[in-house]
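Presented below is the structure to which this report refers.
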Amino acid sequence: MVDYSVDRNLAILGINNPPVNALSFHVREGLFNGIKQANADRRVEAIVITGKGKTYCSGADIREFSIPSAGKGLVTLGHRIEDSDKPVISAIHGNALGGGLEIALFSHYRVANKNAKIGFPEVLIGLLPGAEGTIRLPRVTGLAFAMDAIASGRRFDAQEAHKHGILDTICDGDVLQEAKAFSKKIIGQPLDQRRLSKTHVKDAADVDIKFEEALAQIKRKYRGLIAPILCLKSVRNSAKMSFDEAAAEEMRLFGELLTSSQSIGLRYSFFAERSAPKWKLPCGACADNTTPVDVKTTGVIGAGTMGSGIAVCLIRAGIPVILVEKNQKMLDQAIKTISRILTGSVKLNRMTEKQREHSLKLLKGASTLDELAGVDMVIEAVYENLELKREIFHQLDKICKSSTLLCSNTSTLDIDNIASATQRPDKVVGTHFFAPAYIMRLLENVYGTKTSPTTVATVMELGKRIGKICVLVKTCYAFVANRTNQPFGAEASFMVEEGALPQDVDTVLENFGMPMGPFKVSDLSGIDVGWRIRQEVAKALGLKLTLETRYRMGERITTLADRLYEMGRYGIKTGKGWYRYEPTNPRKPIPDPDVAKMIQKHCMDMGIERRNIPAQEVIERCLFSAINESFRVLEQRIAEKPEDIDVIWQYGFSFPRYGGGPMFYASQVGLKKVFEKICIFHEQFPYSSHWVPSDLLRKLASHSTEIPMDKWTQFISSSKL
Ligand SMILES: C/C=C(\C)C(=O)SCCNC(=O)CCNC(=O)[C@H](O)C(C)(C)COP(=O)(O)OP(=O)(O)OC[C@H]1O[C@@H](n2cnc3c(N)ncnc32)[C@H](O)[C@@H]1OP(=O)(O)O
């Protein structure tokens with residue numbers, strides 16, 4: 001875990017804990033003993049701490065935070081380093097993050113390669129740099145930089161670190177060689193001024209002003225999060241208290257955060273996000289044993305909002321796109337829109353003007369599918385109509401070379417059905433992007449019964465290339481995202497019918513942590529969009545829709561959204577939807593008495609008695625219905641693991657990261673309690689099939705002890721597989 005060697009007068013302690021050189025128990029032990037050994041070794045005049053492999057050290061081992069602490073703590077190790085009689089130099093390449101940066105700040109000197117990345121990302125997992133990071137960094141950089149760096153968790157480069165005094169020198173080449181050369185300059189120099197615990201915060205007098213400024217900013221930027229605030233408080237202490245008092249207080253604040261539900265949720269989310277791309281198919285093929293095909297050229301069909309957004313994602317990542325649209329006016333408009341989106345990216349410093357020009361050169365418009373004959377992958381993004389999609393796939397199958405992968409950007413339709421229109425079902429796959437496709441990070445990839453592992457590997461890899469968080473799911477109606485989200489939205493609407501107003505439901509869910517309630521989202525995405533989908537579904541099922549009903553095919557429904565549509569209230573685009581919008585501030589939702597009147601009249605006409613709906617009921621009905629559906633999705637193996645569902649909710653529906661996602665939330669509430677509540681709702685609302693309790697949930701809830709999430713899928717009956 002730590003390789004000890006002596007090179008002339010230097011002891012080299014090499015952290016060797018791949019893949020990221022986390023400070024696990026054995027690393028801490030190895031460094032502690034290494035410092036001791038080097039101090040006892042008469043040949044040694046200075047000590048270099050370095051990282052083996054690609055990186056110096058990425059911080060504490062996050063998994064160890066969930067188990068009782070064992071062995072030497074980081075602070076004990078740090079004091080051993082700082083107290084060393086022989087100078088300690090940290091030689092940084094790759095990352096010096098979190099505890100890694102703290103080790104560097106306990107060291108007397110720091111040298112780094114110019115490509116190194118430095119930072120305190122603890123706040124991103126709901127913590128603070130609890131090994132004196134909040135007390136030491138301000139002593140080096142001053143308060144403003146330390147407050148910003150620690151409360152934001154951003155990674156900064158070696159140049160910035162050097163500018164703020166964190167690094168003594170930066171080099172172009174091998175950092176270990178640089179450290180060896182550097183050691184010649186400092187051996188024999190007095191160490192006391194290099195021990196940060198003996199120094200002071202230079203701008204301590206300004207602390208209150210700086211704290212208030214930073215606090216106001218943090219509260220705006222990270223609404224509802226506790227860790228950024230405690231980070232700031234701890235940095236403030238570094239200027240107001242003695243070193244030891246501030247360190248003791250830091251430890252107390254760290255302990256508070258470590259056991260907070262936000263940090264537990266954020267740590268779960270850290271690993272869930274990393275587990276999602278690790279896909280596996282029932283046949284045993286998985287990310288580790290399948291090689292993707294190299295996609296060099298692509299086609300996108302349909303120049304609407306989705307098609308244009310997908311084209312942006314591809315060209316931005318350097319992948320050529322032929323955008324096919326038979327309506328020339330729409331095509332011209334889409335190319336203008338794409339150019340505008342890229343200009344926006346330049347303005348936001350997300351790309352340079354040169355990169356924008358290069359990206360636009362990768363885009364070619366075309367009016368027929370014939371142009372796609374030679375591309376490696378086609379993504380169809382026409383509107384949600386099965387017959388239309390089948391026809392396009394049938395034609396593509398004849399036009400495209402035999403190796404071309406055919407992807408459908410569908411949000412609901414059966415991939416097997418679409419694939420059956422071709423002679424290459426193994427190369428057909430769903431790629432469900434979320435609107436706006438060039439912003440939303442989620443890509444829900446959907447495999448059908450005949451989709452090959454290579455096809456899956458290729459879309460997962462392509463997604464990564466274009467910067468998406470990819471989750472693989474099995475085909476079924478609406479897949480995982482829309483299927484599990486549907487009951488959430490339905491319950492929100494039912495509660496409006498039963499007595500709440502849209503703004504009441506939105507406020508409760510926003511207080512829970514969703515950035516926007518479902519009615520604001522509906523206004524943003526367009527009430528006409530939902531209406532059109534309902535019309536399509538009704539047409540496909542041969543149903544005649546009416547506004548004067550509460551049930552359809554034995555299921556409870558509400559026609560409130562259809563009534564809004566009939567009133568011409570399509571959402572933000574018409575200035576009126578569930579809310580109204582003033583032309584002076586067209587994105588600010590204002591509760592509208594006309595909507596309240598419409599709801600009341602609807603209820604009167606339908607004989608629905610309205611009542612007060614408590615906040616707790618809003619949360620339980622929205623979330624528990626989604627949780628129940630999520631367990632069904634899991635037991636049908638539509639999703640491979642609970643983490644996949646949670647990642648979909650975080651990146652598709654902005655579920656608060658600290659809340660983990662519906663599955664994690666269920667684990668925190670307790671499955672027994674969730675199940676019992678679902679049974680009660682099932683009795684209360686017998687005409688909503690989403691309340692029929694999932695068998696898997698029932699089984700898990702019947703255990704006397706809580707079953708951990710990683711064991712849930714072991715309880716799926718073999719008959720369900
Ligand atoms: C008090 C608190 C203290 C003292 C702390 O130090 S808290 C930890 C602070 N450090 C971090 O938060 C760093 C977290 N890691 C990252 O940001 C990134 O992993 C990375 C920038 C270091 C590397 O990114 P990348 O190259 O893309 O690799 P992955 O993110 O995919 O990670 C590879 C695997 O390593 C696991 N990992 C990463 N960091 C840690 C860690 N600190 N502890 C434990 N495990 C870590 C990560 O989960 C990947 O493993 P798998 O999940 O794929 O098995």
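Not measured: the values here are computed from a predicted model.
The main-chain N or O of Leu143 is found under 3.5 Å from a side-chain atom of Asp203 such that the two form a donor-acceptor pair. A donor-acceptor pair under 3.5 Å is absent between the side-chain atoms of Gln217 and the main chain of Ala214, judged by distance alone. Although no hydrogens or angles enter the test, the distance criterion places no donor-acceptor pair under 3.5 Å between the side chain of His93 and the main chain of Val175. Between the side chain of Glu178 and the main chain of Ile170, no donor-acceptor pair closer than 3.5 Å is present. The backbone N or O of Asp172 sits less than 3.5 Å from a side-chain atom of Asn113, completing a donor-acceptor pair. Distance alone, capped at 3.5 Å, is enough to place a donor-acceptor pair between the Arg465 side chain and the Val295 backbone. Side-chain atoms of Arg223 do not come within 3.5 Å of backbone N or O of Lys219 as any donor-acceptor pair.
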Subject >> Trace of the salt bridge (Lys or Arg N to Asp or Glu O under 4.0 Å) decision for Lys117 with Asp157 >> reply: CA-CA 5 Å; Lys117 292 274 184 264; Asp157 58 27; 5.2 Å; no

**OP:** Go through Glu82 and Ser197 one step at a time and tell me if the side chain to side chain donor-acceptor pair (under 3.5 Å) criterion holds.
**Re:** CA-CA 9 Å; Glu82 185 176 67; Ser197 63; 2.6 Å; yes

**OP:** Show your reasoning for whether salt bridge (Lys or Arg N to Asp or Glu O under 4.0 Å) applies to Glu353 and Lys347.
**Re:** CA-CA 9 Å; Glu353 179 54 30; Lys347 282 191 188 143; over 6 Å; no

**OP:** Show your working on side chain to side chain donor-acceptor pair (under 3.5 Å) between Thr458 and Glu461 and close with a plain yes or no.
**Re:** CA-CA 5 Å; Thr458 306; Glu461 182 59 29; over 6 Å; no

**OP:** Run the numbers on Ser263 and Arg267 for side chain to side chain donor-acceptor pair (under 3.5 Å), then give the verdict.
**Re:** CA-CA 6 Å; Ser263 176; Arg267 271 139 52 197; 2.8 Å; yes

Subject >> Audit row: Asn237, Glu250, side chain to side chain contact (heavy atoms under 4.5 Å, CB included) steps and yes/no >> reply: CA-CA 8 Å; Asn237 293 341; Glu250 181 196 74; over 6 Å; no

**OP:** Show the numbers, then the answer: is there a side chain to side chain contact (heavy atoms under 4.5 Å, CB included) between Ile47 and Asn39?
**Re:** CA-CA 9 Å; Ile47 304 162; Asn39 271 281; 3.9 Å; yes

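Contact annotation: the side chain of Leu671 approaches that of Glu706 to within less than 4.5 Å [non-hydrogen atoms, C-beta and beyond]. Between Glu29 and Met1 there is no side-chain heavy-atom pair separated by less than 4.5 Å. Within the 4.5 Å cutoff, side-chain heavy atoms of Glu273 are placed close to those of Tyr651. For the pair Ile229/Ile218, a side-chain contact is recorded, criterion being any heavy-atom separation below 4.5 Å from C-beta on. Leu137 has its side chain out of reach of Val235: every pair of non-hydrogen atoms, C-beta onward, lies at least 4.5 Å apart. Contact check for Ile118 versus Glu160: no side-chain heavy atoms found under the 4.5 Å cut-off. Side-chain contact between Val123 and Ile150 is absent, with no heavy atoms from C-beta onward closer than 4.5 Å. Using a 4.5 Å cut-off on side-chain heavy atoms (C-beta onward), Lys114 and Cys171 make no contact.
Residues Lys468 and Glu444 are not paired through a salt bridge, judged by the lack of any N-O separation under 4.0 Å between the basic side chain and the carboxylate. Taking a cutoff of 4.0 Å between a charged side-chain nitrogen and a carboxylate oxygen, Asp41 and Arg43 qualify as a salt bridge. Salt bridge status for Glu213 with Lys210: absent, with no side-chain N to carboxylate O gap under 4.0 Å. In summary, Asp208 and Arg236 do not engage in a salt bridge, as defined by a charged side-chain N under 4.0 Å from a carboxylate O. Using a 4.0 Å cut-off between a side-chain N of Lys or Arg and a carboxylate O of Asp or Glu, Arg154 and Asp148 qualify as a salt bridge. The pair Asp192-Lys198 does not meet the salt-bridge criterion, since no charged nitrogen lies less than 4.0 angstrom from a carboxylate oxygen. The pair Arg252-Glu256 meets the salt-bridge criterion, with a side-chain N (NZ, NE, NH1 or NH2) lying under 4.0 Å from an Asp/Glu carboxylate O. Look at Asp168 and Arg194 and you find a salt bridge, because one of the NZ, NE, NH1 or NH2 atoms lies within 4.0 Å of a carboxylate O, short of that distance.
Ring geometry for Phe145 versus His164: interplanar angle under 30°, hence parallel rather than tilted (30 to 60°).
More than 12 heavy atoms of other residues, nucleotides or ligands lie within 6.0 Å of NZ in Lys672, so this atom counts as buried by the packing criterion. A 6.0 Å sphere centred on CD1 of Ile209 holds no more than 12 heavy atoms belonging to other residues, nucleotides or ligands. Taking a 6.0 Å sphere around CZ of Arg195, one finds it holds more than 12 heavy atoms contributed by other residues, nucleotides or ligands. In Met241, the CE atom is crowded: over 12 heavy atoms of neighbouring residues, nucleotides or ligands sit closer than 6.0 Å. The number of heavy atoms from other shown groups lying within 6.0 Å of NZ (Lys86) is above 12.
Across Asn95, Ile15, Leu23, a single residue satisfies side chain to side chain contact (heavy atoms under 4.5 Å, CB included) together with Ser58, and that is Asn95. Tested against Val2, the residues Asn17, Leu31, Asn16 include a single side chain to side chain contact (heavy atoms under 4.5 Å, CB included) partner, Leu31.
For Phe715 and His703, the gap between ring centers is short of 6.0 Å. Between Phe655 and Phe512, the gap from one ring centroid to the other is short of 6.0 Å.
Checked by atom type, the side-chain pair Ser269/Tyr658 shows no donor-acceptor distance below 3.5 Å. With 3.5 Å as the limit, one finds no donor-acceptor pair spanning the side chains of Asn21 and Thr55. A donor-acceptor pair shorter than 3.5 Å can be found between the side chains of Glu132 and His79. Between the side chains of Tyr268 and Glu643, no donor-acceptor pair is found at a separation under 3.5 Å. Between the side chains of Ser24 and Arg28, no donor N or O sits under 3.5 Å from an acceptor N or O.
Geometrically, Arg316 does not engage Tyr438 in a cation-pi contact, judged by NZ or CZ lying under 6.0 Å from the ring centre and within 45° of the ring axis.
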